[in-house]
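Counting convention: from 1, in listed order, for ligands and their atoms alike.
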Amino acid sequence: MHLDIPTVTFLAAVSCLSVALAMWVVAGRYPPVVARAMFRWGWACGLSAFGALLVFLRGTLPDFLSVVVGNTVIVGGFAMAYHAIRVLHERTGLSDRLAAAWVLVCFVLYWTAFELNRDINLRIILVATLKIPVLALIVRELWVGSQRGRRAIEFMLLSVYLLYALVSALRALNVMMTSALDLDSFLSDPVQQFSFVAYFLTLSVSSLFFMLALGEVLTAELYQRATTDPLTGIYNRHAFEELALREISRAQRTGRYPSMLMVDIDHFKQINDRYGHTAGDGVLRAVVGAIQGALRQQDFVGRWGGEEFCVLLPETGRIDALHVAERLRGSVMEMPLSMVAQPVTVSIGVSSPYAHECSFTAMIEVADDALYKAKFGGRNRVVISSV
Ligand SMILES: Nc1nc2c(ncn2[C@@H]2O[C@H](COP(=O)(O)OP(=O)(O)OP(=O)(O)O)[C@@H](O)[C@H]2O)c(=O)[nH]1
């Protein structure tokens with residue numbers, strides 16, 4: 001089998017350039033963290049394409065450009081890929097600058113070797129080994145910086161870089177053990193040919209896995225936006241309903257029913273009118289903080305409407321639900337507030353479980369009715385009804 005090194009190098013340049021262009025064209029359409037990572041990856045591919053093109057043009061361009069600059073730009077492509085992964089992990093910092101500094105070190109070493117020693121073996125050893133520290137940084141980042149949900153994909157990406165680092169080490173080792181190569185024996189050496197194919201595959205497959213990792217981040221981001229209330233950070237109405245339905249159907253199997261609290265801030269319109277909407281938003285966030293602080297780990301809260309919140313208390317009977325509601329009402333009354341100079345209170349309607357009739361709609365209706373009674377009864381109080 002004969003693999004033609006210039007052809008493989010040319011294919012690497014073309015495929016990287018295609019990915020770079022695709023990334024640059026579409027990146028702007030995505031949420032900021034994904035777009036930033038895509039732009040960086042586009043640059044990584046762009047640099048790799050440029051480096052591969054310079055190497056491919058060896059013989060046409062001066063050797064300094066194709067050997068020294070070309071191989072430096074290739075390491076720069078890996079350093080940029082490292083930065084793109086760090087941007088995706090939102091972990092940029094000193095080591096990104098270290099990777100960039102290493103590219104300069106590579107340039108100096110490649111240049112020195114090029115000027116001082118015309119021996120092709122030494123150059124190959126340097127080209128093969130000097131990229132290994134950057135590859136090691138990438139592997140480390142993918143190992144420590146990956147988050148739940150995209151570990152499998154990032155592990156595959158890690159494996160690609162690890163394999164390429166191994167191939168590079170073997171390439172250097174192989175050259176150390178062979179007698180002086182000239183350009184022809186270099187081009188026909190199977191280990192050299194294989195290492196160029198490995199470079200091509202590393203660039204293509206890593207782009208594929210990186211795009212899959214981007215997809216995971218994007219899905220997580222969209223899921224977060226679809227389920228979270230942006231002002232308070234708790235579940236929105238849709239997500240709360242979904243979770244509550246799941247809990248209620250579980251309860252119908254186990255017979256251990258949940259209770260529901262409908263919590264409404266008293267005279268909230270007055271707060272908005274007196275102190276402004278920004279202060280009102282601050283009060284909403286503070287009330288949510290107080291509610292969350294008063295709940296147990298298994299309870300969950302969602303924003304039902306403007307100043308109305310729903311709390312589901314899994315496997316909780318009437319007496320316990322009443323205790324939680326009272327604790328919650330007390331927490332809101334005692335919370336420190338800097339944005340308004342008046343006490344903030346809540347009224348709470350509680351629907352407690354009654355096995356045979358437990359449905360989400362019934363629980364909401366009963367809690368709402370109890371809330372209405374709490375408001376009508378003078379506010380800042382808890383009223384309980386059974387479904
Ligand atoms: N600042 C702010 N205000 C909101 C938001 N959503 C709804 N509101 C306001 O909440 C107020 C609700 O007022 P009402 O429904 O009259 O209730 P209330 O004044 O709390 O009276 P009671 O519930 O009867 O005690 C309205 O003025 C809405 O504009 C929000 O996200 N931020």
Side-chain angles (χ1 to χ4, degrees), residues 31-32 221-245 258-295 299-313 321-352 360-387:
E221 170 91 17
L222 295 180
Y223 180 80
Q224 161 87 1
R225 288 186 192 197
T227 56
T228 310
D229 170 51
L231 179 69
T232 57
I234 56 176
Y235 292 120
N236 62 19
R237 183 174 177 146
H238 172 72
F240 177 83
E241 189 171 338
E242 239 175 41
L243 281 174
L245 282 170
S259 285
M260 187 180 284
L261 315 184
M262 191 77 98
V263 184
D264 189 285
I265 305 176
D266 297 325
H267 300 303
F268 190 59
K269 187 173 179 322
Q270 215 178 73
I271 293 172
N272 268 332
D273 292 347
R274 254 189 221 164
Y275 303 97
H277 264 74
T278 310
D281 286 351
V283 169
L284 283 171
R285 280 193 285 261
V287 168
V288 165
I291 293 175
Q292 284 175 320
L295 296 180
D299 306 330
F300 54 91
V301 55
R303 189 169 177 194
W304 193 247
E307 20 70 274
E308 208 171 353
F309 305 96
C310 249
V311 181
L312 198 88
L313 311 172
L322 207 53
H323 279 145
V324 175
E326 280 298 351
R327 190 170 66 223
L328 198 154
R329 190 180 66 83
S331 303
V332 171
M333 272 207 307
E334 284 160 18
M335 68 186 180
L337 284 175
S338 55
M339 63 296 264
V340 295
Q342 68 176 64
V344 171
T345 59
V346 288
S347 301
I348 304 177
V350 183
S351 64
S352 76
F360 180 72
T361 318
M363 290 188 86
I364 286 283
E365 275 171 12
V366 170
D368 206 30
D369 188 52
L371 174 64
Y372 177 78
K373 287 178 184 146
K375 290 274 179 187
F376 194 71
R379 295 181 173 79
N380 190 19
R381 66 193 58 222
V382 176
V383 170
I384 187 162
S385 297
S386 287
V387 177

Side-chain donor-acceptor pairs of residues 276-285 under 3.5 Å, sequence neighbours excluded:
none

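- Closest of all the heavy-atom pairs between Ala244 and Phe360 is CB-CE1, 3.5 Å.
- Under 4.0 Å from any atom of ligand 1, one finds heavy atoms of residues Leu231, Asp264, Ile265, Asp266, His267, Phe268, Lys269, Asn272, His277, Gly280, Asp281, Leu284, Arg303, Gly306, Glu307, Lys375, Arg379.
- Applying the ring pair (Phe, Tyr, Trp, His ring centres under 6.0 Å) test to Phe268 and every residue at least two apart in sequence or in another chain returns nothing.
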When the side chains of residues 363-379 are checked against the rest of the protein, which donor-acceptor pairs come out under 3.5 Å, sequence neighbours left out?
from: Asp369; atom 1: OD2; to: Lys373; atom 2: NZ; distance (Å): 3.1
from: Lys375; atom 1: NZ; to: Asp264; atom 2: OD1; distance (Å): 2.7
from: Lys375; atom 1: NZ; to: Ile265; atom 2: O; distance (Å): 3.2
from: Lys375; atom 1: NZ; to: Asp266; atom 2: OD1; distance (Å): 2.9

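- Contact between Leu328 and Ala294 at its shortest, heavy atoms only, is CA-CB, 3.7 Å.
- Smallest separation of non-hydrogen atoms from Phe240 and Trp304: CD2-CZ3, 4.2 Å.
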